[in-house]
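The structure appears below as structure tokens.
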There are 2 protein chains.
Amino acid sequence: MQVETRDEAMTVIQRELTTFARRARAAAARLHPRLSLVSATLLTHVAEHPGCRAADLAAHYLLDKSTISRQVAALERLGLVERRTAEDDHRAQVLHLTPAGAEVLADYVTARRQAFEQRLAGWSEEDLRRFAICLTRYNDGF
Amino acid sequence: MQVETRDEAMTVIQRELTTFARRARAAAARLHPRLSLVSATLLTHVAEHPGCRAADLAAHYLLDKSTISRQVAALERLGLVERRTAEDDHRAQVLHLTPAGAEVLADYVTARRQAFEQRLAGWSEEDLRRFAICLTRYNDGF
DNA sequence: ACCTGATAGGTGTATCGTACAGCCATATGG
DNA sequence: CCATATGGCTGTACGATACACCTATCAGGT
């Protein structure tokens, strides 16, 4: 597949992003049987934004608040996150990882890391940097 | 977020790819209410590989054959694809788009195109080309 | 102080996408 | 000509999700 023109590039980007999206769930399931892609992403976000709220997660992942509510409830039941009423607003719940949650997440990150290391083994540092920048720029567009 | 080292780049790639994957379904739903992401990807694959089989789809998207079977059955019920017994192997069904399927897919592609045009408006041709190449290379790794 | 509307989140319910196990029909190779 | 492999389908169960609606709380205006 040659990528000569702007149009061709656009077409390829669409196709490849879509293919990736469709494969992601299955790939993640293979990666770590104990933690689904969904749980992993929510844990990741909570880890990177301690004290965040359900609404933040919903906004970031474009999900309904009811979905988030259930997912967070499940994570709480598993003892991976902790919900505490916010001091400044008693409607809101602030989220934090529990030690167990941090541990499971660390496991997941390690497994994913290995998979990516393998997957991106042939890439030069410059290639990786470019890819990282492209992706970040793309996602920030939302 | 600076991307200085190989490690940082790898981390960013993982995070951004995951975020993208998690947003994809919702984004696709907004794009075209009549055609889910799933249907669209299957139609796309059939369009690009006329006469392909259910097993090809399963392999390409890392899905169970039962899933594909049902999805294809749904598309057939909607009159978007046609299943015909293969001449060389009477167990297999070869898949083709119907005219209606081609039309719906064209609609979808147009809508997606517009969304991407907007999304990637600020990108130079060179940026797009690089992104396209990165993504293709990444997906081909499977 | 009170209404009023907005906001954070949870529940009821329905649907879709998916996997796994097991089935049948056909094909292929000793 | 049988044994095994392969392509696909069905039964069943579950997870993720949305939409509509509910409750509790907050913030502003009178």
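Worth knowing before you read on, the calculation uses all heavy atoms, side chains too, and leaves out hydrogens, waters and symmetry mates. What you are looking at is a predicted structure, and each value in this text was computed from that prediction instead of being measured. Each chain gets a letter, A, B and so on, in the order the sequences are listed, and its residues count up from 1.
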**Q.** N or O in side chain of B:Q71 less than 4.0 angstrom from C:dG17 OP1/OP2
**A.** yes
Q | Phosphate OP1/OP2 of C:dA19 contacted by A:R30 side-chain N/O (<4.0 Å) | A | no
Q. Could B:D127 and A:R137 be called an ion pair, given the rule that one side-chain N must be under 4.0 Å from one carboxylate O?
A. yes
Q. Where along residues 38-63 of chain A does a heavy atom come under 4.0 Å from DNA chain D, residue by residue in number order?
A. A:V38, A:L62, A:L63
Q.
Could you tell me if A:D64 and A:T67 have a donor-acceptor pair between their side chains, going purely by distance under 3.5 Å?
A. no
Q.
Testing the 3.5 Å rule here: is there a donor-acceptor pair between the side chains of B:S124 and A:R6?
A. no
Q. How many angstroms lie between CG in A:L42 and CG in A:L57, if you round to the nearest 0.5 Å?
A. 5.5 Å
Q: Measure from the side chain of B:A92, starting at C-beta and using heavy atoms only, and say which of D:dG7, C:dG17, D:dT17 lies closest.
A: D:dG7
(Q) Using modelled atom types and a 3.5 Å cut-off, is there a donor and acceptor pairing between side-chain atoms of A:S69 and backbone atoms of A:K65? (A) no
Q) Taking only side-chain nitrogens and oxygens of A:R83, does any of them come within less than 4.0 Å of OP1 or OP2 of C:dG10? A) yes
Q.
As an exercise, state the distance from CZ of B:R22 to NE2 of A:H45, rounded to the nearest 0.5 Å.
A. 11.5 Å
Q: Could you encode protein contacts along nucleotides 20-30 of chain C as a string, one character per nucleotide from 5' to 3', using B for base contact, S for sugar-phosphate-only contact and - for no contact, with a heavy-atom cut-off of under 4.0 Å?
A: B----BBS---
Q. Side chain to side chain contact (heavy atoms under 4.5 Å, CB included) between A:E82 and A:L95: does it pass, once the steps are laid out?
A. CA-CA 6 Å; A:E82 192 189 41; A:L95 303 174; over 6 Å; no
Q | Whole-Å distance separating the CG atom of B:L37 from the P atom of D:dT17 | A | 13 Å
**Q.** Separation of C:dG9 P from A:E76 CD (nearest whole Å)
**A.** 13 Å
Q | Short side-chain N/O contact to C:dT18 OP1/OP2 from B:R25, under 4.0 Å | A | no
Q. So A:Y138 and B:F131, would you call those rings parallel, tilted or perpendicular, with 30° and 60° as cut-offs?
A. tilted
